[in-house]
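Single-structure report; data block below.
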Amino acid sequence: MNITDNKKQLFLSGLTILLVLFSVVFVKNNHFLYKHAIVEINQVTLNEREEIMDLPNIEDTLFHQTLVGTLKNGSQKGETIVLNNTYSSSGAFDHQYQLGDEVFITIDNDLKRPYEGRIDYPKRDSSLLLVVWLFIITVILIGKKSGLYSLLSLTLNIFVGLFILSAVPKKTSLLLLISGLVLFFTVTSLLLISGKNKKTYSAILATLLGTFAAFMIAFFVMAATSQKGLRYEEMAFATRNPQSVFLASLLIGSLGAAMDIAITITSSLYELYDKNNHIRKSDLKKSGVEIGRDIMGSMTNVIFFAYVSGSIPMLLLYLKNGSSIGFTFSMNLSLELARAAVGGIAIVLTIPISVYIATAFINRGREDK
């Protein structure tokens, strides 16, 4: 590493530190951005505790707090307010507050001093910011330039996806819309990360074929079984047809699985070819299949745990309230297990597709020389 590279690295490190410090200070003082009243707690008093018996016959403890805080925004900024808070040792639907915590509140009585109000929910943007910065710094440190482009791709995809989903009229077919987004996400992500080259084009084609192949299999299976066993209660508040929302989620989930497999196998085969330009096509295919077998099991587990982990709070809540295991799992895991299964299909299908396409691109490139 030369002096110029050292200076560039030092400049980027200093810039990152300044951005982190600036964002932390800004979030700590961004109360003016919120219309909802915010209070910083500066006094906590534990009044009493009581033992209770929840259903079904589970012992719990309730704690009653009196909180005194200062309003941080609005016309009452700087005023003192008194809040009452009750939390339990189980912490299922409540929160214990401490000195320095910030909460969103609703003022109930502003005719007397100090004000009185009730807590709505805690202000968590400071903690969220630290997690985001930890993620960004880790990706850049490990991935270097590729990590930076990955972050740019992720940011672009999030903003474009949110804009399209919110701006397009509800009459538009959700599946058609998501299909277009899948194409956009695939092309932009892989081009930004890997650049314009045959390896990228190969990975794009393999990703799209694997994604839509897995989705079509899932679509026909659901049609043949009349979607028996799928519970859509968790989508009761969806503004679109729950079935179409679920199918769209299958398509997006399949994309994530297929893209990971496609770029892994494609990059591996091109690396083998770069090390040995005379490697036979049959050996490349054999190596690609072996690589696919090695990562298939671990990737399938990743997909399963990623989907199921989001349902753990609801599983615990149902079981704690006396619901049977069968009812609990059918209500909370039917859709997640279906998504995991379709993701697994996408992984399995993308392996041979990626191997075939990558070796075909490599062989064509070898013939052109």
Side-chain angles (χ1 to χ4, degrees), residues 1-30 33 123-164 181-204 206-207 211 252-253 255-272 274-275 291 294-295 298-299 301-303 305-307 309-310 343 347 350 354 358:
M1 184 178 293
N2 54 40
I3 297 177
T4 303
D5 291 335
N6 285 331
K7 289 183 177 179
K8 185 182 296 185
Q9 185 174 0
L10 185 61
F11 171 76
L12 292 176
S13 300
L15 180 61
T16 302
I17 293 173
L18 287 177
L19 288 174
V20 171
L21 293 177
F22 173 78
S23 60
V24 170
V25 172
F26 177 78
V27 169
K28 286 289 186 181
N29 298 276
N30 67 347
L33 295 176
K123 184 173 182 286
R124 299 187 177 96
D125 51 3
S126 296
S127 301
L128 179 61
L129 176 69
L130 293 177
V131 173
V132 170
W133 270 118
L134 180 62
F135 168 70
I136 292 173
I137 293 173
T138 302
V139 170
I140 293 177
L141 285 177
I142 295 176
K144 306 296 182 182
K145 186 178 180 180
S146 296
L148 178 60
Y149 283 128
S150 298
L151 292 174
L152 291 176
S153 169
L154 176 63
T155 304
L156 176 64
N157 289 338
I158 289 175
F159 279 105
V160 171
L162 291 177
F163 174 77
I164 295 297
L181 286 176
V182 164
L183 179 61
F184 174 81
F185 293 159
T186 303
V187 173
T188 55
S189 298
L190 294 179
L191 283 178
L192 277 173
I193 295 171
S194 302
K196 294 181 179 180
N197 50 60
K198 291 184 178 180
K199 179 178 71 174
T200 301
Y201 303 146
S202 173
I204 289 174
T207 298
T211 299
I252 292 292
L255 172 64
M259 186 183 295
D260 196 359
I261 292 294
I263 193 63
T264 299
I265 292 180
T266 302
S267 297
S268 300
L269 293 183
Y270 268 89
E271 184 67 21
L272 288 173
D274 290 340
K275 298 297 183 184
I291 293 170
D294 289 340
I295 63 177
S298 59
M299 278 300 302
N301 282 324
V302 168
I303 292 291
F305 291 130
Y307 280 122
S309 62
I347 290 171
T350 307
S354 300

For Met299 and Ile261 the tightest heavy-atom approach is CG-CD1, 3.8 Å

When rounded to the nearest 0.5 Å, the distance separating OG of Ser268 from CD1 of Ile295 is 7.0 Å

Pair Lys123, Asn30 - check side chain to side chain contact (heavy atoms under 4.5 Å, CB included), show working.
CA-CA 11 Å; Lys123 184 173 182 286; Asn30 67 347; 3.1 Å; yes

Note to self: Could you check whether any side-chain N or O of Ser153 sits under 3.5 Å from a backbone N or O of Tyr149, counting only pairs where one atom can act as donor and the other as acceptor?
What the structure shows: no

Which atom pairs, donor and acceptor, lie under 3.5 Å between side-chain atoms of residues 140-147 and protein residues at least two apart or in another chain?
none

CG of Leu148 to CD1 of Ile193, rounded to nearest 0.5 Å, is 11.0 Å

Side-chain heavy-atom pair Leu191, Tyr201 within 4.5 angstrom cut-off: yes

Output for pair (Thr350 OG1, Met259 CE), nearest 0.5 Å, gives 10.5 Å

Legend entry - Min side-chain heavy-atom separation Leu255-Thr207 under 4.5 Å: yes

| query | Would you say the side chain of Phe185 lies within less than 4.5 Å of the side chain of Thr211, judging by non-hydrogen atoms? | reply | no

Practice task
Would you check if the side chain of Thr186 reaches a backbone N or O of Val182 as a donor-acceptor pair within less than 3.5 Å?
Solution key: yes

To the nearest 0.5 Å, atom OG1 of Thr266 lies from atom CG of Leu190 at 9.0 Å

Correct closest heavy-atom pair for Ala257 and Gly343 would be CB-O, 3.6 Å

OG1 (Thr188) and CG (Leu156) are apart, to the nearest 0.5 Å, by 5.5 Å

Minimal heavy-atom distance between Ala203 and Ala262, with the atoms involved, is O-CB, 3.8 Å

Within the side chain of Ser309, is there an N or O that forms a donor-acceptor pair under 3.5 Å with the backbone of Ala306?
yes

query: Just by distance, do the side chain of Thr200 and the backbone of Gly195 share a donor-acceptor pair under 3.5 Å?
result: yes

One should read off an interatomic distance between Phe184 CZ and Ile164 CD1, to the nearest 0.5 angstrom, of 8.5 Å

Less than 3.5 Å apart, which donor and acceptor atoms pair up between the side chains of residues 20-28 and the rest of the protein, not counting sequence neighbours?
residue : atom : partner : partner atom : Å
Ser23   : OG   : Leu19   : O            : 3.0
Ser23   : OG   : Val20   : O            : 2.8
Ser23   : OG   : Trp133  : NE1          : 2.7

